[in-house]
2 protein chains.
Amino acid sequence: MTHYLDNINGPADLKTLDRSQLPALADEIRQALITKVGVTGGHMGPNLGVVEATIAMHYVFDSPKDKFIWDVSHQSYTHKILTGRKQAFLDPAHYHDLSGYTSPQESEHDHFVVGHTGTSISMAVGMAKGRDLCGRTENVIAFIGDGSLSEGEALEGLDNAGEMTTNLIIIVNDNEMSIAPNHGGIYKGLAELRATNGASEHNLFRDFGLDYRYVEDGNDANALIDALVEVKDIDHPVVVHIHTDKGHGLERVNATREAKESGHWMLPQSVQDAMVEAGPVEDYASVSRDYLLNKMKRDRRVVVLSAGTPGNGGFGPKEREQAGDQFVDVGIAEQHAVAAISGIAKAGGKPVYEVTSTFLQRAYDQLQQDLALQGTAATIIAAGFGDAIGPGDNTHSNIFDIAMTNTIPGLTGLAPATKEEYLAMLDWSIDHAGRPVVIAEPGTLTRETDLALTPEEPVAAPFTDGDLKYRTIVKGAKVAILALGNFLPLGLKVRETLAQSGIGATVIDPRVYSDLDVAALGVLKDDHDVVVTLEDGALVGGFGERIAAYYGSSDMKVLTYGAHKELTDREPTETLYARYRLNPEQIVQDVLEVLR
Amino acid sequence: MTHYLDNINGPADLKTLDRSQLPALADEIRQALITKVGVTGGHMGPNLGVVEATIAMHYVFDSPKDKFIWDVSHQSYTHKILTGRKQAFLDPAHYHDLSGYTSPQESEHDHFVVGHTGTSISMAVGMAKGRDLCGRTENVIAFIGDGSLSEGEALEGLDNAGEMTTNLIIIVNDNEMSIAPNHGGIYKGLAELRATNGASEHNLFRDFGLDYRYVEDGNDANALIDALVEVKDIDHPVVVHIHTDKGHGLERVNATREAKESGHWMLPQSVQDAMVEAGPVEDYASVSRDYLLNKMKRDRRVVVLSAGTPGNGGFGPKEREQAGDQFVDVGIAEQHAVAAISGIAKAGGKPVYEVTSTFLQRAYDQLQQDLALQGTAATIIAAGFGDAIGPGDNTHSNIFDIAMTNTIPGLTGLAPATKEEYLAMLDWSIDHAGRPVVIAEPGTLTRETDLALTPEEPVAAPFTDGDLKYRTIVKGAKVAILALGNFLPLGLKVRETLAQSGIGATVIDPRVYSDLDVAALGVLKDDHDVVVTLEDGALVGGFGERIAAYYGSSDMKVLTYGAHKELTDREPTETLYARYRLNPEQIVQDVLEVLR
């Protein structure tokens with residue numbers, strides 16, 4: 001039933017509806033979201049919570065003249081539906097037409113490609129300033145919530161907004177949640193504001209210098225419209241604090257906090273069903289979780305930190321309870337997390353920070369200044385780092401981690417190739433390294449036994465300081481393949497393919513990307529003509545370029561393989577591998593060309 | 001007169017004094033600071049403001065058991081004096097013994113090497129957590145002020161502290177200033193707290209979930225002691241908000257806001273005198289300032305941003321007034337600044353963000369996600385980037401900017417070699433580029449005429465899109481020197497030295513470091529055997545490694561020169577150049593070795 005939705009092809013059509021008809025429209029949109037996201041997966045809870053708010057925004061303001069800037073933009077589905085893109089939510093044949101975030105390429109109603117957290121206020125402050133410089137008068141509206149307020153960038157933006165004297169509207173979508181439950185002192189203040197219907201004198205937003213309105217029922221389109229009409233064309237910055245219900249209208253993602261957490265982002269229903277049927281599968285999230293829970297039990301000083309994404313590391317509500325005060329979710333605050341682990345280590349604790357690699361980018365300076373310069377013994381597990389080249393969004397690329405962390409003096413960077421190496425490195429880092437260590441969690445769960453080593457070749461031993469050297473998997477001649485981390489299996493395949501041309505190549509598992517093993521590299525000069533580097537990440541600033549520079553003054557030829565300098569958007573892995581020549585046949589072709 | 005100070009060799013000696021004697025001690029310390037910093041230069045105003053606070057802290061707490069964590073640590077001089085390091089402040093022969101920041105290598109009373117802003121609360125949160133995990137009970141005290149509170153990392157830390165339930169003391173040193181006047185809405189709130197003697201219900205810290213105390217006279221050691229005694233061994237986090245007087249006791253850095261701004265950090269008196277005598281000298285700060293003021297006058301849409309360090313770009317109080325609403329100081333908030341310029345550009349403005357290169361590291365993620373991914377037309381002038389290898393502190397290294405920005409798809413990186421190129425690039429970036437551009441402000445003010453080009457060789461023309469290619473300065477053969485930015489003069493010297501061995505080298509001014517000019521590089525293969533890359537920055541992830549990888553499969557030999565992977569601390573430039581083989585003789589020696 002899409003009675004009202006049928007006639008809405010843009011915000012102008014929405015404005016022809018009577019206000020009394022909006023709840024029915026909201027129901028239609030909500031049903032469309034439930035059906036579509038159930039099939040394709042995506043951000044279920046956040047979008048169900050803001051259907052009415054989005055309707056109200058488009059009812060009151062005039063997008064695209066008035067500018068909506070969606071924080072993270074994972075909650076922009078209703079906005080897409082109302083701005084000429086409903087087909088992608090109603091017609092299964094078009095379910096995959098759109099990205100999961102705002103995109104100026106899709107619509108003039110979208111202004112930024114966003115996926116990281118806490119950026120909307122700053123971008124809106126900028127757009128308001130640009131508007132004023134150009135002498136225009138449109139409304140600029142930032143929409144932020146879902147725990148984003150704890151992000152330093154958002155708080156910086158709020159602070160700067162607080163001294164502006166021009167139109168700027170910040171809608172704070174308070175659903176009492178982040179991805180997991182909210183963390184941070186400010187959320188106590190929001191609770192007090194909710195409890196007092198916005199009347200409390202204890203008002204964070206006012207203390208940042210901002211005007212303030214409160215809407216208790218953020219799922220009542222008409223209450224929202226009343227509030228927005230009041231602030232439209234306002235001549236100074238104002239916060240409109242709306243209290244919404246995450247997952248509104250779908251009990252299985254709404255009934256409890258746990259349901260809200262697991263319903264924040266969902267896999268397609270078919271994938272969920274298949275996973276239930278298949279039963280538990282070992283992956284790096286479960287490997288890390290089991291290892292860390294066990295480690296914490298045996299050593300009180302071990303503490304695991306997350307910055308708002310505990311589930312990514314396998315720490316759901318049950319595991320967090322099990323870990324007790326040895327697990328800390330600091331909220332979405334990556335900079336703080338890195339400085340905090342440095343402090344924990346300085347005071348004698350053994351911190352392990354689990355982070356999704358793309359978000360670690362937020363803490364580049366802290367990695368260098370707060371952590372590596374201090375030499376404090378902290379461990380960072382970067383998920384997504386190990387298998388970076390893949391079909392993800394351009395907003396969530398993980399390919400830059402080698403380039404980012406490789407530059408930092410004093411930070412040891414490890415890229416394990418097998419499960420056994422990964423666990424041995426974790427043990428070494430937590431108990432023995434005495435320095436900051438980043439470990440790239442590999443994607444593929446390769447086991448030592450999968451390497452098909454001959455019996456006399458050793459399975460990886462417990463990792464020690466002395467192991468900060470390359471590990472030779474197969475000793476050959478003429479061609480040496482340095483296959484980093486997740487790409488060791490690829491390296492072995494290249495060797496197989498080369499064997500067909502009569503070349504018995506050396507295969508090396510470098511393990512360490514932060515330091516060159518110059519002894520190992522030097523020896524290769526004796527009986528090798530070509531070095532091939534394979535890395536599951538960006539070439540620029542990566543592992544291979546450094547190897548190429550090392551051999552720059554020698555006769556060694558170096559071929560480097562990895563991702564090009566680009567942010568790819570939902571391209572299949574095979575397409576990317578073909579473009580980057582990351583297939584054994586392509587690599588061998590290049591090697592033979594150089595040897596000719 | 002150092003009557004009291006004579007007997008103080010550590011905090012225990014301080015505690016033997018009667019409270020009534022502390023003001024006299026403060027006077028002695030203040031006189032020592034004024035004398036010493038007058039000679040050596042350093043952070044004058046901040047240190048004069050916190051003499052009494054530091055005395056009170058050491059009088060009440062038991063350092064090093066209790067932990068003091070100084071934000072930025074530029075205000076830790078009195079702390080150094082009271083913890084066994086007074087000789088460096090009293091004896092001119094030892095004036096240069098210590099670093100300007102805290103340093104665990106200097107003293108067990110220092111816990112971190114710090115120089116960037118806003119880190120203390122997060123580090124203290126971490127130390128408190130580590131303490132608890134280890135079952136100890138010492139006090140952990142963060143000391144933060146001077147505008148640092150607007151930094152996202154500090155606000156993240158405050159937010160996380162707000163939900164702790166253990167001892168943590170955050171002293172907020174409110175001197176009503178940043179380096180320049182404070183910016184941001186939170187400072188209105190601090191003003192209200194000051195006006196109400198801390199009694200206002202509008203209390204940012206309480207809204208972050210923290211307990212709170214106020215001390216109106218932050219330069220009264222005994223008032224401070226009373227407050228600190230009250231919070232010592234407290235069982236939950238508390239903010240002690242103290243109102244101090246920046247530059248207290250020295251009128252020329254205290255009388256006005258302008259004096260406080262210029263007195264924040266001072267050159268040695270002898271250097272100041274010499275500068276006054278020499279009169280105005282053209283440098284890149286003045287070149288940038290004059291260019292931008294003129295540009296703003298002619299184009300309303302041009303707007304210059306700073307994140308709390310306007311003076312570094314030549315924008316003192318007079319220039320800020322002249323620029324009016326076309327200059328924005330967002331406060332110390334680098335992440336926000338980068339997102340905001342993206343917003344300004346999106347709305348039609350022409351933003352120019354002036355930033356000291358080491359602080360740009362705070363915004364690595366924003367450069368990629370908020371700016372480059374959006375393709376918005378913003379200009380970043382990075383000061384210190386161009387002449388990165390030098391005698392600075394390990395906390396303020398600028399050598400990582402190529403490596404950091406080079407990785408970012410869609411971000412054009414320019415390294416001009418001459419003043420004329422710099423200005424042409426600025427014009428191009430602001431008016432024509434239509435994309436985000438980072439320009440490395442060179443250090444040495446080389447002019448086109450200094451290049452000693454033969455008459456038929458062109459002086460750099462206005463920069464255009466077509467100029468995103470290398471510029472050949474001298475065409476030779478056998479050896480090609482790619483001398484980036486500030487190192488073009490070095491490249492020309494290498495050529496001169498090579499000429500003595502009968503080699504007429506090619507010298508190239510690459511200008512663009514973000515993209516390879518593969519046409520120019522390809523041509524070199526025809527009649528060159530060696531390529532030398534020179535960059536005033538880190539080798540790892542830098543310009544040269546990429547060149548080496550480009551030539552990896554060819555017969556071209558590549559020698560890369562730049563900084564090693566290390567954070568150097570106040571080493572003379574010549575020492576560094578010698579270690580990095582950045583002298584013409586060393587480079588030529590290497591080239592001849594390879595050619596042999």
Side-chain angles (χ1 to χ4, degrees), chain A residues 113 116 119 122-123 125-127 129-131 133-134 150 152-153 155-157 159-160 162-163 184-186 188-189 201 204 207-209 301 330 333 335-336 339-340 343-344 347-349 361-362 364-365 369-370 373 400 403 407 409 540-541 545 548-549 552-553 557-558 560 565-567 594, chain B residues 113 116 119 122-123 125-127 129-131 133-134 150 152-153 155-157 159-160 162-163 184-186 188-189 201 204 207-209 301 330 333 335-336 339-340 343-344 347-349 361-362 364-365 369-370 373 400 403 407 409 540-541 545 548-549 552-553 557-558 560 565-567 594:
Chain A
V113 188
H116 286 196
T119 70
S122 295
M123 285 168 161
V125 164
M127 286 194 88
K129 181 73 189 174
R131 171 199 63 202
L133 288 169
C134 295
S150 61
E153 185 177 354
L155 293 166
E156 288 180 359
D159 183 40
N160 195 220
E163 66 168 355
I186 59 174
K188 294 186 205 168
E201 282 292 293
L204 178 80
D207 290 338
F208 269 98
R301 292 166 298 172
V330 300
Q335 302 185 95
H336 168 72
I344 291 171
Q361 295 179 178
R362 276 284 164 89
Y364 175 71
D365 185 61
Q369 291 284 316
D370 301 359
L373 179 58
F400 302 100
T407 59
V540 175
E545 285 191 352
S553 60
K557 300 283 191 295
V558 180
T560 57
K565 187 171 172 177
E566 59 181 358
L567 284 162
V594 167
Chain B
V113 187
H116 285 197
T119 70
S122 295
M123 286 168 159
V125 164
M127 287 193 86
K129 181 72 191 175
R131 171 199 64 202
L133 287 170
C134 295
S150 61
E153 186 177 354
L155 292 166
E156 287 180 359
D159 183 40
N160 196 219
E163 67 167 356
I186 58 175
K188 295 186 207 169
E201 281 293 294
L204 179 79
D207 290 337
F208 269 97
R301 292 166 297 173
V330 300
Q335 303 185 94
H336 168 70
I344 291 172
Q361 295 179 175
R362 277 282 165 90
Y364 174 71
D365 185 59
Q369 291 285 317
D370 301 359
L373 179 58
F400 302 100
T407 59
V540 175
E545 285 191 353
S553 60
K557 300 283 193 295
V558 180
T560 56
K565 187 171 172 177
E566 58 180 359
L567 283 163
V594 167

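Computed from a prediction, not measured in an experiment: that's the story for all the values here. Protein chains get the first letters and strands the later ones, always in sequence-line order, with residue 1 at the start of each.
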Trainee: Residues in salt bridge (charged side-chain N to carboxylate O under 4.0 Å, His left out) with Asp207(B), at least two apart?
Mentor: none
Trainee: So Thr119(A) and Gln369(B), do their side chains get closer than 4.5 Å, heavy atoms only?
Mentor: no
Trainee: Heavy-atom distance under 4.5 Å to chain A: side chain of Val125(B), backbone, both or neither?
Mentor: side chain
Trainee: Just verifying a value: how many Å separate Thr560(B) OG1 and Glu545(A) CD, rounded to the nearest 0.5 Å?
Mentor: 11.0 Å
Trainee: Please give me the minimum heavy-atom distance between Leu133(A) and Ile344(B), naming the atom from each residue.
Mentor: CD1-CG2, 4.4 Å
Trainee: With Lys557(B), which residues qualify under side-chain contact (heavy atoms from CB on, under 4.5 Å), at least two apart?
Mentor: Asp555(A), Val530(B), Val594(B)
Trainee: Could you tell me which portion of Lys565(A) (side chain, backbone, both or neither) has an atom closer than 4.5 angstrom to a non-hydrogen atom of chain B?
Mentor: both
Trainee: Does any N or O in the side chain of Asp159(A) come within less than 3.5 Å of the main-chain N or O of Gly185(B), such that one atom is a donor and the other an acceptor?
Mentor: yes
Trainee: To the nearest 0.5 Å, what is the distance between CG (Asp365(B)) and CZ (Arg362(A))?
Mentor: 4.5 Å
Trainee: Taking Gly349(A), Gly541(A), Ala340(A), Gly189(A) one by one, which has the highest count of heavy-atom pairs under 4.5 Å against chain B?
Mentor: Ala340(A)
Trainee: To check you understand the geometry: which heavy-atom pair defines the closest contact between Thr407(B) and Ala403(A), and what is its length?
Mentor: CG2-CB, 3.5 Å
Trainee: Counting heavy-atom pairs closer than 4.5 Å to chain B, which one of Gly209(A), Gly184(A), Gly130(A) comes out on top?
Mentor: Gly184(A)
Trainee: With chain B, which of Ala549(A), Ala347(A), Gly348(A) has the greatest number of heavy-atom pairs at distances under 4.5 Å?
Mentor: Ala347(A)
Trainee: Minimum heavy-atom separation for Ser150(A) to Glu156(B), with atom names?
Mentor: O-CG, 3.4 Å
Trainee: Between Ala548(B), Gly162(B), Gly343(B), who has the most heavy-atom pairs with chain A when the cutoff is under 4.5 Å?
Mentor: Gly343(B)
Trainee: Kindly compute the distance separating CG (Leu155(B)) from CD (Glu153(A)), expressed to the nearest 0.5 Å.
Mentor: 12.5 Å
Trainee: Compare every heavy atom of Cys134(A) with every heavy atom of Arg301(B), then report the nearest pair and how far apart it is.
Mentor: CG-SG, 4.0 Å
Trainee: Side chain, backbone, both or neither: which part of Glu201(B) has an atom under 4.5 Å from a heavy atom of chain A?
Mentor: both
